2 protein chains.
Amino acid sequence: MANSASGESIIGRFVKIVSAFDDRHTSMTVAELGRRTGLPVTTTYRLVNDLLAERLLEREPGGDVHIGTRMWELVSRGSKMLGLREAALPFMEDVQAVVQHSTTLGILDSDEVLYIERLGSDKTIVDITKIAGRLPLHATSSGLVLLAHAPAAYQDSFLARPLTKFTETTLTEPSLLRRHLAEIRQRGFAAMPGVIVPESSGIAVPVFGPDNSVRAALSVVVPRNEENTPARVPVLMAAARGISRALGWRGELKGTLRQSH
Amino acid sequence: MANSASGESIIGRFVKIVSAFDDRHTSMTVAELGRRTGLPVTTTYRLVNDLLAERLLEREPGGDVHIGTRMWELVSRGSKMLGLREAALPFMEDVQAVVQHSTTLGILDSDEVLYIERLGSDKTIVDITKIAGRLPLHATSSGLVLLAHAPAAYQDSFLARPLTKFTETTLTEPSLLRRHLAEIRQRGFAAMPGVIVPESSGIAVPVFGPDNSVRAALSVVVPRNEENTPARVPVLMAAARGISRALGWRGELKGTLRQSH
DNA sequence: CTCAGGATTCCCGCTCAATGGTAATCCTCC
DNA sequence: GGAGGATTACCATTGAGCGGGAATCCTGAG
């Protein structure tokens, strides 16, 4: 693959370097970066210098480095995420104004929900969704929606794996889960009382793209005790339709409802 | 620098590739990518395959490639932008709720304003700010705020350059601009009637970091005819203080007001 | 002031991964 | 069926990347 003894390409190392940063470690010394990535010292320095030269990384006064503005800019500008986000945000603001708690937008990626946007104060309630954060598919309302509308083959392979049971209400039994997914497709939304964090409840609905496939899941998280949960659904659905339309969706063609089996 | 005949490092080519994508071209064929970047065909294919292997790029059914979810995720997760954004968003929502038009958050990068967040419907008014978009410093309210609070040395070098005059109200004469910047520092905000786009007006205020330096500019864009502009300022200022505090700012220490000369 | 431990930069010979031309193959519309 | 473009396959060449080791620079503790 590469000149390296370990046999990785530069791209691989680039990924290692970028991955070393997360919300908890947004900046660090080059030496530490070397330690976290496991790359040889000299190599780390050389690579970091290349990245600094391109402004993909930036050095701060203290000497620590962090992910560069340029990198964020390039990726954000060119990524399709921005389009989805732009389309969704106005509607999310509306939902947020009405529902008051926390509104998120998530997509299916690598067998997990990846949250790409989130509105709402975390002060009010425990809520573990973070932007650019991930959660398991079968344990979140967003995940269930995404899974429910995924291709049958994908569902099969996903359900074949052992699933972690987070609370008593987490469905892990394939057949039960499958039935639940069918229900979600029919009702058009998923509701999950306190799956990962028992105190909170999620409700999610699908967002469609032009080809009628599901692009994302729009969801709100509310405190569990708030038992007017069903009242939230119409608001969410209306917003999701708005987002879908902004993405070029032309309304559901009768009889074209996606079915997986 | 590299094995390449043209003498670029792989990192440089990586940047070229990512830069080939923007909001108008979020996906394209590999051949086109090669054309846009000017890289040799074979090289492009090899590099793209490496990137696909790491999921930094993704191939879509049609054969086109686009920037990968993984790339967006890694960069977003590790970038400091997220922290700033998270701190600012709740307050921006509040501003947006009151002011109704468009609320943006911009930072100073490479002698321009880089907008990192934006709320508000573009339906209501012409507004050219885009997320991950750039505008010149001296022609936007956000830019003027950022420039006004930048180190003196930076201001000097910036003012030494020739500045484009976008409309009659754009200040380009260094001495006049300097006086205007002083005014902005004193008043605590910048107001720009229709600088780039004549129909709209911007108001911006600074957001401070823990060390009392200016981290970003919070601004609203309103239609020009709306002449209650000054009324917006207090709202903006209050929000900016909130954001600053969320970033760890401990209130302005009397007498520590930044002065540039 | 000195000293220790860590961060950072220099140095340098080895080597194989990256390079990029050419040519073959695969698509996909007319 | 065939023209034009996209994509893959092949391959000889070589210098960019590699990484161990040592020197130097920092910084805070004693």
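Here is the naming used below: chain letters follow the sequence lines, and residue numbers restart at 1 for every chain. Remember, it's a predicted structure, so these values are computed and weren't measured experimentally.
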To the nearest Å, how far apart are A:Asp50 CG and D:dG19 C1'? 15 Å

Separation of atom CD1 in A:Ile11 from atom C1' in C:dA18, rounded to whole Å: 11 Å

Atom pair distance, as rounded to whole Å: CD1 in B:Ile10 and P in D:dT14: 19 Å

Atom CG of A:Leu33 and atom P of C:dG6: how far apart are they, to the nearest Å? 18 Å

Count the heavy atoms belonging to other residues, nucleotides or ligands that lie under 6.0 Å from CZ of A:Arg24, then report whether that count exceeds 12. no

Round to the nearest Å and state the distance from A:Lys16 atom NZ to D:dG17 atom C1'. 16 Å

Within the 4.0 Å limit for protein heavy atoms, which parts of nucleotides 5-10 of chain D are touched? Write it as a string from 5' to 3', B for base, S for sugar-phosphate only, - for none. -SBBBB

For B:Arg70 and A:Ser110, which I'm curious about, is there any donor-acceptor pair between the side chains at under 3.5 Å? no

So, A:Thr104 versus A:Ser219: side-chain donor-acceptor pair below 3.5 Å or not? yes

Could you tell me the separation between the CG atom of A:Leu39 and the C1' atom of D:dG20, rounded to a whole number of Å? 15 Å

Is B:Arg13 near enough to C:dA18 that one of its side-chain N or O atoms lies under 4.0 angstrom from OP1 or OP2? no

If you measure from the Lys or Arg side-chain nitrogens to the Asp or Glu carboxylate oxygens, is any gap between B:Arg178 and B:Asp156 under 4.0 Å? yes

Within this structure, what is the CZ-to-C1' distance between A:Arg46 and C:dC10, rounded to whole angstrom? 13 Å

For B:Arg118 and A:Glu86, run salt bridge (Lys or Arg N to Asp or Glu O under 4.0 Å): C-alpha distance rounded to whole Å, both residues' side-chain angles, the deciding distance at 0.1 Å, then the answer. CA-CA 9 Å; B:Arg118 165 191 163 141; A:Glu86 298 259 276; 5.7 Å; no

Is it true that a side-chain atom of B:Arg59 and a backbone atom of B:Asp64 form a donor plus acceptor pair closer than 3.5 Å? no

